[in-house]
Amino acid sequence: MTAAAAFVLLDVDGTLIDAVANQRRVWHEWARIFHLNPAQVYAVALRTRPMDTVAEVAPDLNHDECLSTLHRLEDHDARHGTYSAFEGAAELLAGLVAGRWAVVTSNYAHRVRERFSRTGLRAPEVIVDARFSGPGKPAPDPYLYAAEVLGPAPEQCLVLEDSPSGVESAKGAEMIVWAVNTSVRIERADRTFNTLAKAVPHVLRMHRADQ
């Protein structure tokens with residue numbers, strides 16, 4: 001990837017917004033409603049989209065009812081829960097060039113916009129969310145679709161992720177992947193930063209090299 005052609009693709013929860021406790025609380029509450037093991041449900045939820053999690057952990061329950069209950073819990077948390085943007089997130093988004101960045105998330109776009117609004121973050125123009133019709137992370141499809149929408153070749157994209165499934169997804173798409181907000185190196189990540197803030201100057205330098 002040349003520095004002058006860098007497009008930036010961003011995960012949201014755990015990368016830009018600190019909502020891990022919120023996700024755990026929502027999934028645990030959902031699991032209790034349907035008499036499932038909260039820890040086991042959350043372990044699956046960490047690596048799959050909501051619809052895929054429900055299909056895996058509750059195959060014998062009414063899928064629509066399960067998803068409707070989950071959406072109600074998650075929408076309430078997006079509107080009323082306590083969460084915050086990670087240090088560096090506002091600076092990063094403010095410095096990105098329009099048309100050359102997107103977010104790629106296993107959440108839903110309306111919740112992303114709600115959380116960005118509540119935390120004062122610049123709203124993304126392009127969101128690849130849980131409604132993406134192809135396979136979700138860790139499959140490469142969501143990141144490949146984001147590149148298709150924006151226009152660059154996959155190797156021109158720099159991805160920021162915080163989870164192994166996200167890193168696997170982006171590497172499967174043959175993109176450069178930097179792991180953030182983790183002190184433990186994620187296998188296949190090209191670089192690791194223990195905070196988002198430490199990665200931001202390097203991301204913007206690459207992204208804006210031709211400006």
Side-chain angles (χ1 to χ4, degrees), residues 1-17 46-49 52 85-109 112 116 121-211:
M1 179 176 65
T2 62
F7 286 69
V8 178
L9 307 180
L10 304 160
D11 178 50
V12 178
D13 294 326
T15 298
L16 297 174
I17 292 179
L46 281 174
R47 57 178 173 81
T48 62
R49 295 176 297 181
D52 300 324
F86 283 107
E87 181 184 356
E91 176 189 356
L92 172 60
L93 298 185
L96 296 177
V97 178
R100 288 176 54 188
W101 69 285
V103 299
V104 181
T105 175
S106 297
N107 210 322
Y108 287 83
V112 171
F116 274 46
L121 295 178
R122 175 188 177 187
E125 298 173 359
V126 176
I127 302 176
V128 179
D129 72 344
R131 290 184 174 86
F132 171 64
S133 60
K137 301 175 187 178
D141 302 62
Y143 278 111
L144 289 172
Y145 180 70
E148 181 181 335
V149 171
L150 292 177
E155 60 268 20
Q156 292 177 289
C157 296
L158 170 64
V159 175
L160 296 190
E161 271 282 358
D162 72 295
S163 70
S165 65
V167 169
E168 183 67 23
S169 175
K171 290 303 294 183
E174 299 185 351
M175 297 176 178
I176 301 297
V177 189
W178 292 357
V180 299
N181 298 327
T182 176
S183 57
V184 178
R185 186 185 181 281
I186 297 177
E187 187 176 357
R188 299 194 72 190
D190 296 293
R191 294 188 68 177
T192 300
F193 298 85
N194 61 359
T195 67
L196 172 65
K198 289 181 179 178
V200 168
H202 303 281
V203 175
L204 293 180
R205 187 177 306 116
M206 179 181 292
H207 178 65
R208 301 182 67 89
D210 62 342
Q211 300 300 302

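Numbers for residues simply follow the sequence, beginning at 1. It should be emphasised that the depicted structure is a prediction, and the values quoted were computed from it without experimental measurement.
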Next on the checklist: Measuring from atom CD of E168 to atom OG of S163, what distance do you get when rounded to the nearest 0.5 angstrom?
Outcome noted: 10.5 Å
Item to check | Donor-acceptor pair, side chain of R100 and main chain of A6, under 3.5 angstrom | outcome: yes
Item to check | Derivation of the side-chain contact (heavy atoms from CB on, under 4.5 Å) call for T15 and V103 | outcome: CA-CA 10 Å; T15 298; V103 299; over 6 Å; no
Checklist entry - Which residues pass the side chain to side chain contact (heavy atoms under 4.5 Å, CB included) test with A90, sequence neighbours left out? => result L121
Item to check | Step-by-step side-chain contact (heavy atoms from CB on, under 4.5 Å) determination, L93 to W101 | outcome: CA-CA 9 Å; L93 298 185; W101 69 285; 3.6 Å; yes
Item to check | Pairs satisfying side-chain hydrogen bond (donor to acceptor under 3.5 Å, both in side chains), at least one member in residues 135-152, at least two apart | outcome: D11-K137, K137-E161, Y143-E161
Item to check | P154 and L144, any side-chain heavy atoms less than 4.5 Å apart | outcome: yes
Checklist entry - So, for A199 and V180, which heavy atoms are closest and what is the spacing to 0.1 Å? => result CB-CG1, 3.9 Å
Checklist entry - Does D129 reach the main-chain N or O of T105 with its side chain, forming a donor-acceptor pair under 3.5 Å? => result no
Checklist outcome for this item: In short, V167 meets R188 closest at the heavy-atom pair CG1-C, 4.0 Å
Item to check | Nearest-0.5 Å distance, NZ of residue K171 to CD1 of residue I176 | outcome: 5.5 Å
Item to check | Results of salt bridge (charged side-chain N to carboxylate O under 4.0 Å, His left out) for R185 - residues two or more places apart only | outcome: none
Checklist entry - Where do P142 and P135 come nearest, in terms of heavy atoms and distance? => result CD-O, 3.4 Å
Item to check | Over all atoms of both residues, closest heavy-atom pair of G88 and V200 | outcome: O-CG2, 3.4 Å
Next on the checklist: Set out, in order, the CA-CA distance, both residues' side-chain angles and the distance that settles side-chain contact (heavy atoms from CB on, under 4.5 Å) for F116 and V12, then state yes or no.
Outcome noted: CA-CA 10 Å; F116 274 46; V12 178; 3.9 Å; yes
Next on the checklist: I'd like to check V177 versus I186 (side-chain heavy atoms, cut-off strictly below 4.5 Å). Are they in contact?
Outcome noted: no
Checklist entry - What distance do L16 atom CG and R122 atom CZ have between them, rounded to the nearest 0.5 Å? => result 12.5 Å
Checklist entry - Shortest non-hydrogen contact from M175 to V159? => result SD-CG2, 3.7 Å
Next on the checklist: The test is side-chain contact (heavy atoms from CB on, under 4.5 Å); show your working for T182 and D162 and say whether it passes.
Outcome noted: CA-CA 7 Å; T182 176; D162 72 295; over 6 Å; no
Item to check | Side-chain donor/acceptor of H207 to backbone N/O of L96, under 3.5 Å | outcome: no
Item to check | For the student: nearest non-hydrogen atoms of V184 and T192, plus distance | outcome: O-CG2, 4.2 Å
Item to check | Close side-chain approach of V112 and I17, heavy atoms under 4.5 Å | outcome: no
Next on the checklist: Can you tell me how far apart CG (N194) and CG (N181) are? Round to the nearest 0.5 Å.
Outcome noted: 8.5 Å
